[in-house]
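Throughout, protein chains are lettered first and strands after them, A, B, ... in sequence-line order, and every chain is numbered starting at 1. Hydrogens, waters and symmetry mates are skipped; everything else that's a heavy atom, side chains included, is used.
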Number of protein chains: 2
Amino acid sequence: MSATKKSTLVLVAERAGVSIASVSRVMNGLPASDAIVERVQKAADELGYVPDATARSLKAGKTQQIALAVADAGNPVYVAMMHEISRVVTKAGYRLILSSTGSEPGDQIDLLTNLNRGFADGLVMSPLKVTDELVARIQASRLPIVVIGSLPGDVEIDNVRADSVRGVGLAVEHLVEQGRQRIAFVNGPVDTVPGAARLGGYLRALDEQGLPHNADAQVNARDFTYKAGLKAVTKLLDRSTPDSIVCANDLLAIAAIKVITARGLRVPEDIALVGMDDTDLAELANPSITSVNLGSVKRAKTAAKLLLRRLEDPDAPVRREVIQPTLTIRESTSSPARPAVDPAANPAARQAAGETAPATPEPTRNQKREPLL
Amino acid sequence: MSATKKSTLVLVAERAGVSIASVSRVMNGLPASDAIVERVQKAADELGYVPDATARSLKAGKTQQIALAVADAGNPVYVAMMHEISRVVTKAGYRLILSSTGSEPGDQIDLLTNLNRGFADGLVMSPLKVTDELVARIQASRLPIVVIGSLPGDVEIDNVRADSVRGVGLAVEHLVEQGRQRIAFVNGPVDTVPGAARLGGYLRALDEQGLPHNADAQVNARDFTYKAGLKAVTKLLDRSTPDSIVCANDLLAIAAIKVITARGLRVPEDIALVGMDDTDLAELANPSITSVNLGSVKRAKTAAKLLLRRLEDPDAPVRREVIQPTLTIRESTSSPARPAVDPAANPAARQAAGETAPATPEPTRNQKREPLL
DNA sequence: GCAGAGCGTGTAAACGTTTACGAGAACGTT
DNA sequence: AACGTTCTCGTAAACGTTTACACGCTCTGC
């Protein structure tokens, strides 16, 4: 630890024989005579001077930092979103602060008061549960906040969400096209935003396909994890015999594969499987999992850009974006004969966007309409 | 965006009719008369005052922020480490800044100069490749840095590493105990720190077990990813017929499962499989993967604690820790009859620590000895 | 030769805290 | 009643920048 003493503007100014203002100007590329520039450069180099970020922040009133709050940090979909946000904000010259909060709204509210300390210029958050108080606190925040995920009603908060209802619709339609009729649903907790939305989508899709609701074919895992998925799928198969399952995320789908194969059944021959989120896991699983791509990366990118936009224009109109889902078809719903695995080209994995017949009365293309749930 | 104007010490002081020093004292719980405390509390509450983090940082010379630099952000093992570090430093009152750098030493060096701007109080980094210049820059840094991963020779840098050599040894020993003789090795790039160490461990383990080296049984993936793994394993199986494979991480092992089953072979009956890192993926895979636990979470935790320790005592002696590996045995090396999957208790997954007969001449318990590679 | 413009540079204030210091009040001791 | 001690509180300086302002110089144009 050869701690070379920290050098400041003053030290550089003394060594160069100029004022601190001149040093500052040179460091920031503001106009200065060649003679001064040269002397300051030299002195700064010799001292290894780099301007202090904290002092700069205090003066400027900007930290060049953005905070990211995710509730369920174990879920790969949030990891992917985090990376994307990191990419976008880094490119714009911001640092990313990771604030993994608990899943309860209280934790997020704590974070919001903390935010007022001004350690970041803005916040991207993806709350699992949304309460009125949380919404109120977000609106009352002095700093710009972008929310990933659905918000109730018409609150004026920059926000970008997935169309989960349509997403589950894509999954069910696809299964029906494959000739499946007894379509079960493994959900996470329904008191979460995604849980509620996905349940709504499932019921609506059944209606649209003219399929009956069957309480035995629905089960809610305690949370969106693999472990909870094992329990839930076991329970499901103990009480019903579906020919296919839609899982509310890829972790649950992987758990389903595990339970199904352990019972000597085959995927997709005996039970076809669709996951959601289209994370890396869906590709890695064996068999690979057909998954609803809810545009997580795109949502993350959009959210980051919305925040950057608001940072440079605080008075911009509130934007509320909806990202349309697509379906990535893989082995878990493909024809019985599994294709040989060739790393160069996996013919089973392709993007099937809104190609399937639209089942909703109104087209889902209008990104500006109100949240469906 | 109901931007309540930002309130400062001065405003609170005016409203309370006291000096700013008194406000500061009350906010920090320093001794003050009851009357003053009450008036300040009231004024602060009414104004919704929270002290500004930036100003505080400038005055204190501490940001209460710690930076984390990981090269390979896609690898689940780094995600797990990140979460652990986040946990530890958050509990200690620090915020975590995520700096995903590229894998090249140049990127990390950029980060180091940036660090000198003082946006964080310290850094935890896990470089994939280590050059002399990088080491020099780390040593010259004004801020404390803890390195996760092996460093050359005896450089005086706080550091915590895994004993990869022993780790691969555990894997090979286990396979031999299961009666496997033709043990192949799927590695990542050997010009990386972990790649080099794991190759060394493999060769050494073969020697210790009296098994022949066989160039056809070794293959290096282009990087430590699933995709590269598919290619590498395909190549391996095209030119040799191992009865077991050690994979340098879990992603490569999952790729191996895919390729093996696609060829109509079974895991573990035809080819047994051992992964490394013991990430969630090993548990999720089907069959689940026996994996060498290189103590990633413990390494992360130790690194974070080392940094916190140095932050409070800059003159503490340099510490260089080695975390001992363990082996988590799962289905991919278990007896042919796969156990039924019961979420409540998975009998195949258990921790097998150093229980296997030690094969190294010297016991591996001494954590202070020089790096093996 | 001088007013005005234009440029380069320095002085000093400001960002919002923390804290050393000193002034005064309150209290106890002789 | 005088003195020392302790306690409370306010004044002001400091952290390392950026930048408004003013000053002095050179240059142009009459």
Which whole-number value in Å describes the distance from [X] [atom1] to [N] [atom2]?
X: A/Leu30; N: C/dG10; atom1: CG; atom2: P; answer: 14 Å
X: A/Ile20; N: C/dA12; atom1: CD1; atom2: P; answer: 11 Å
X: B/Phe119; N: D/dT17; atom1: CZ; atom2: P; answer: 16 Å
X: A/Lys62; N: D/dT18; atom1: NZ; atom2: C1'; answer: 15 Å
X: B/Asp52; N: C/dC15; atom1: CG; atom2: P; answer: 12 Å
X: A/Leu58; N: C/dT17; atom1: CG; atom2: P; answer: 9 Å

Where the side chain of [X] is defined as all heavy atoms beyond and including C-beta, which of [options] is the nearest nucleotide?
X: A/Ser22; options: D/dC15, C/dT18, C/dG10; result: C/dG10
X: B/Ser19; options: D/dT8, D/dT17, D/dT11; result: D/dT11
X: A/Pro51; options: C/dT9, D/dT17, C/dC15; result: D/dT17
X: B/Lys59; options: C/dG10, C/dT17, D/dG10; result: C/dT17

Checking all strands, does [X] fall into the base, sugar-phosphate, or nothing category for heavy-atom contacts under 4.0 angstrom?
X: B/Val10; result: nothing
X: A/Ser24; result: base
X: B/Ile36; result: sugar-phosphate

For B/Arg310, which of B/Asp158, B/Asp315, B/Asp121 qualifies under side-chain hydrogen bond (donor to acceptor under 3.5 Å, both in side chains)?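 For B/Arg310, the side-chain hydrogen bond (donor to acceptor under 3.5 Å, both in side chains) test succeeds with only one of B/Asp158, B/Asp315, B/Asp121, which is B/Asp158.
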Taking the nucleotide of DNA chain C with the nearest heavy atom to each, does A/Ala32 or B/Met27 sit closer to the 5' end?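 The 5'-side residue here is A/Ala32.
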Please confirm whether the shortest side-chain N or O distance from [X] to OP1 or OP2 of [N] is below 4.0 Å.
X: A/Ser33; N: C/dG8; value: no
X: B/Arg25; N: D/dT8; value: no
X: B/Arg56; N: C/dT18; value: yes

Would you say the side chains of B/Ser86 and A/Ser100 form a donor-acceptor pair under 3.5 Å?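 There is such a pair (donor and acceptor under 3.5 Å, judged by atom type) between the side chains of B/Ser86 and A/Ser100.
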Min side-chain heavy-atom separation A/Asp72-A/Val77 under 4.5 Å: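 No; the side chains remain at least 4.5 Å from each other.
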Looking at side-chain heavy atoms only, is the closest gap between A/Arg15 and A/Val23 below 4.5 Å?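 A side-chain contact is absent here, since even the closest heavy-atom pair is not under 4.5 Å.
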Closest nucleotide of DNA chain D for B/Gly17 versus for B/Ala55: which of these residues is on the 5' side?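 Of the two residues, B/Gly17 wins.
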Which sits closer to the 5' end of DNA chain D, B/Ala60 or B/Asp34, going by the nucleotide each is nearest to?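 Per heavy-atom nearest nucleotide, the more 5' residue is B/Asp34.
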Decide yes or no, distance alone: a donor-acceptor N/O pair under 3.5 angstrom between the base of D/dG16 and the side-chain of B/Arg117.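 No such pair is found, so the answer is no.
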Separation of A/Ile85 CD1 from A/Thr302 OG1 (nearest 0.5 Å):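 Reported value, rounded in 0.5 Å steps: 10.0 Å.
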